[in-house]
There are 2 protein chains.
Amino acid sequence: MNSAIPATIIEIKTACSQCNLRELCLPFGLDPREINQLDELVGSRRKIKRQQHLYRSGESFEAIYAIRAGSFKTDVILEDGRDQVTGFQMTGEVLGLDGISTEHHSCNAIALEDSEVCVIPFSRLEELSRQVESLQHQFHKIMSREIVRDHGVMMLLGSMRAEERLAAFLLNLSQRFTARGFSPSEFHLRMTRDEIGSYLGLKLETVSRAFSRFQEEGLVAVQQKHIRILDTPGLKRLLNHHTI
Amino acid sequence: MNSAIPATIIEIKTACSQCNLRELCLPFGLDPREINQLDELVGSRRKIKRQQHLYRSGESFEAIYAIRAGSFKTDVILEDGRDQVTGFQMTGEVLGLDGISTEHHSCNAIALEDSEVCVIPFSRLEELSRQVESLQHQFHKIMSREIVRDHGVMMLLGSMRAEERLAAFLLNLSQRFTARGFSPSEFHLRMTRDEIGSYLGLKLETVSRAFSRFQEEGLVAVQQKHIRILDTPGLKRLLNHHTI
DNA sequence: GGAGCCCTTTGATCCACATCAATACGATTA
DNA sequence: TAATCGTATTGATGTGGATCAAAGGGCTCC
């Protein structure tokens with residue numbers, strides 16, 4: 001039976017035109033004909049096992065990557081060993097934009113679970129986006145969104161206290177899970193307390209204590225990496241009503 | 001005498017092709033013919049007085065801006081009044097990239113001194129960069145550079161101590177002044193201690209104390225906003241040799 | 001299915017930076 | 001030259017989160 005299915009069908013199954021993430025990803029706003037053009041460009045897919053690098057800081061930049069399945073973290077490491085997680089990425093999000101500026105990657109991208117990415121050769125993407133206006137615009141939006149996100153993280157790191165940071169983090173995850181059709185209130189963290197802490201500029205013990213505090217106050221139910229948000233407005237209140 | 005000069009000459013004087021910042025700015029890598037095309041696109045210039053806004057968070061996005069003279073800060077403000085400076089920009093740098101993602105600006109841009117910017121209507125920039133490959137590529141590099149810079153700030157805010165942050169800040173300024181043909185070791189700060197503190201995630205008193213400490217140790221000579229770097233290697237050492 | 005290891009939680013103590021407070025400086029204007 | 005105001009410095013004290021420490025829990029990989 002299976003051998004009767006032509007190989008091309010399997011190919012189409014993994015194309016942008018058939019991908020259920022297309023509304024979040026590069027194809028957003030493209031018409032069907034344009035998506036087909038994009039399909040031709042997305043050459044290959046790559047599977048990355050948990051804990052393995054998609055790319056490393058210093059490697060030469062050739063392509064950007066759209067996450068098809070799984071999730072990643074990006075981090076920057078200083079000579080003395082200190083490292084900072086700069087982001088967590090999930091399906092439909094794009095990795096590798098940091099590499100455009102110097103033709104070399106400036107951070108590491110590591111899979112948090114077994115994952116798969118679509119490889120988008122950058123020079124070909126530039127070529128096609130010179131022809132397809134909507135692709136060009138969507139790509140610019142994706143880069144700009146990354147800049148806006150980074151400003152949010154700066155705000156978080158520069159002016160918020162520990163519990164506010166964690167609340168903001170959970171609300172952000174909730175919103176991104178929702179956009180992917182998952183529950184807004186119940187999800188599984190793919191990263192450790194240490195990684196969350198690095199991202200939020202806190203130590204893992206502080207993250208753990210903040211989780212415990214949220215649990216005591218009935219804001220969330222925490223069981224290891226399984227999170228249930230019980231009081232979204234309560235978490236939001238934590239963010240805005242900063243009692244000086 | 002002056003009246004004999006045709007008006008067009010004054011126009012040309014302020015065009016990209018004649019601008020001494022072109023190696024830092026959008027025209028970088030373009031050939032003379034392409035720069036002329038860019039000239040036509042850069043419609044107008046705008047003067048912004050000290051302390052005035054170039055744009056505000058929430059305003060609709062129409063154009064990006066290249067700084068021709070002066071300097072700016074960008075900041076994000078929360079409802080409860082807390083604000084975070086997300087960057088300081090100087091000549092040749094581009095402002096407004098945050099607005100592409102939602103068609104609305106997501107931060108404020110405020111002049112630190114009397115300044116002038118070139119207004120670059122964004123839809124026309126996209127149009128021209130579909131025709132001019134080198135412009136497209138340079139624009140992508142500028143956006144990517146902003147992302148890389150933001151990651152550096154995250155590292156700074158998330159994993160460095162107060163004096164390291166200030167050292168990194170001074171070295172960064174020094175390098176940018178150098179790129180503009182100014183002294184690497186002697187310059188005038190355009191921003192207050194409070195603004196530096198907001199950018200670095202510190203209080204103004206902490207910034208002031210760190211300056212005093214650097215002075216005691218002979219790393220810099222500080223007199224209000226006038227800075228003389230006396231020991232660049234010393235500052236760099238402060239960054240890398242993090243004694244745990 | 002069990003051994004080992006990593007991850008998480010929780011408590012006790014410490015310290016870097018915040019906060020509070022007062023003074024001093026410099027630029028601007030009268 | 002004095003008055004005013006925003007900015008900067010410096011000192012005293014407080015505190016949120018870091019650090020140190022130990023025990024418990026749950027994956028992962030044989």
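Residue numbers begin at 1 in each chain, while the letters A, B, ... track the order of the sequences. Everything numeric here is computed off the predicted structure, so don't read it as measured data. Hydrogens, waters and symmetry mates are skipped; everything else that's a heavy atom, side chains included, is used.
- Within a 6.0 Å sphere centred on CZ of A:Arg213, other residues, nucleotides and ligands contribute 12 heavy atoms or fewer.
- B:Ser183 has its side chain out of reach of B:Phe177: every pair of non-hydrogen atoms, C-beta onward, lies at least 4.5 Å apart.
- Test A:Arg149, A:Arg176, A:Arg145 against A:Glu93 for side-chain hydrogen bond (donor to acceptor under 3.5 Å, both in side chains) and you get one pass: A:Arg176.
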List every contact pair, protein side and nucleotides 15-19 of chain D side both N or O, where the distance is under 3.5 Å.
| from | atom 1 | to | atom 2 | distance (Å) |
| --- | --- | --- | --- | --- |
| D:dG17 | OP1 | A:Ala162 | N | 2.7 |
| D:dA18 | OP1 | A:Lys203 | N | 3.3 |
| D:dA18 | OP2 | A:Lys203 | N | 3.3 |
| D:dA18 | OP2 | A:Thr206 | OG1 | 2.1 |
| D:dT19 | O4 | A:Arg209 | NH2 | 2.9 |

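- A:Glu113 has its CD atom 16 Å from the C1' atom of D:dT28, to the nearest Å.
- Put simply, NZ on B:Lys225 is 14 Å from C1' on D:dT9, counting in whole angstrom units.
- Remark: C1' of C:dT9 and CZ of A:Arg193 are 9 Å apart, rounded to the nearest angstrom.
- Using a distance-only test at 3.5 Å, with no hydrogens or angles considered, no donor-acceptor pair links the side chain of B:Ser44 to the main chain of B:Val119.
- A centroid separation of less than 6.0 Å is found between the aromatic rings of B:Tyr199 and B:Phe88.
- From one end of the helix from C:dG1-D:dC30 to C:dA30-D:dT1 to the other, with five pairs defining each end axis, the axis direction shifts by 60° (rounded to 10°).
- Taking atom CG of B:Leu166 as the reference point, atom P of D:dA8 lies 13 Å away to the nearest angstrom.
- Between B:Leu200 atom CG and C:dC17 atom P there is a gap of 12 Å when expressed in whole angstrom units.
- When only modelled atom types and interatomic distance are considered, B:Glu62 and B:Ser60 share a side-chain donor-acceptor pair under 3.5 Å.
- Residue A:Ser212 places at least one side-chain N or O closer than 4.0 Å to OP1 or OP2 of C:dT10.
- Judged purely by atom type and a 3.5 angstrom limit, A:Ser185 has no side-chain atom pairing as donor or acceptor with the backbone of A:Arg228.
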Kindly determine whether A:Arg45 and A:Glu116 satisfy salt bridge (charged side-chain N to carboxylate O under 4.0 Å, His left out), including the steps that lead there. CA-CA 7 Å; A:Arg45 277 150 209 101; A:Glu116 191 179 4; 5.3 Å; no
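- Atom CD of B:Gln224 is separated from atom P of C:dT28 by 13 Å (rounded to the nearest Å).
- B:Glu216 places its CD atom 12 Å from the P atom of D:dT9, with the value rounded to the nearest Å.
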Full working for side-chain contact (heavy atoms from CB on, under 4.5 Å) between A:Met160 and B:Leu78: CA-CA 10 Å; A:Met160 290 186 183; B:Leu78 288 185; 3.8 Å; yes
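- If you measure from atom CG of B:Leu112 to atom P of D:dT7, you get 12 Å, rounded to the nearest angstrom.
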